[in-house]
Amino acid sequence: MTIKRIRFMQELLTFFGLEGRLHLEWISSAEAQKYVQVVTDFTEKIRQMGPNPLKKIDAAVKGAI
């Protein structure tokens, strides 16, 4: 069920132009190094994508009102 929900959310985020900003990884509590690596990699990926593109749209809409 979780995978189904994540796929739905990924599709929804893609629709809004936020693709790639949701990630699911199964990690055991005994896998501390894996956790650190996954979080580090995902954080770097998000930084490379740049800021939230919806902020530009929100600013444009507020400026038009």
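The figures that follow rest on heavy atoms only: side chains count, while hydrogens, waters and symmetry mates do not. Predicted model, so just to flag it, every value in this text is computed and none were measured.
Under a hydrophobic clustering in which Ile, Leu, Val, Met, Phe, Trp and Tyr are joined whenever their side-chain heavy atoms come within less than 4.5 Å, directly or via other members, Phe16 and Ile6 fall into the same cluster. Under the 4.5 Å side-chain heavy-atom criterion for ILVMFWY residues, no single connected hydrophobic cluster contains both Ile3 and Ile27.
Taking CE of Met9 as the reference point, atom CG of Leu24 lies at 12.5 Å (rounded to 0.5 Å). Considering CG of Asn52 and CG of Leu18, their distance stands at 5.5 Å, rounded to 0.5 Å. Here Glu25 contributes atom CD and Glu31 contributes atom CD; the two are 9.0 Å apart, rounded to the nearest 0.5 Å.
The number of heavy atoms from other shown groups lying within 6.0 Å of CD (Gln33) does not exceed 12.
The nearest pair of heavy atoms linking Gly17 to Pro53 is O-CG, 3.6 Å. Across all non-hydrogen atoms, the minimal contact from Leu22 to Gln10 is O-NE2, 3.4 Å.
Using a 4.5 Å heavy-atom cutoff, the side chains of Leu13 and Glu19 are not in contact.
Contacts classified as ring-ring contact (aromatic ring centres under 6.0 Å, His included) and involving residues 24-51 (residues at least two apart or in different chains) are given here: His23-Phe42.
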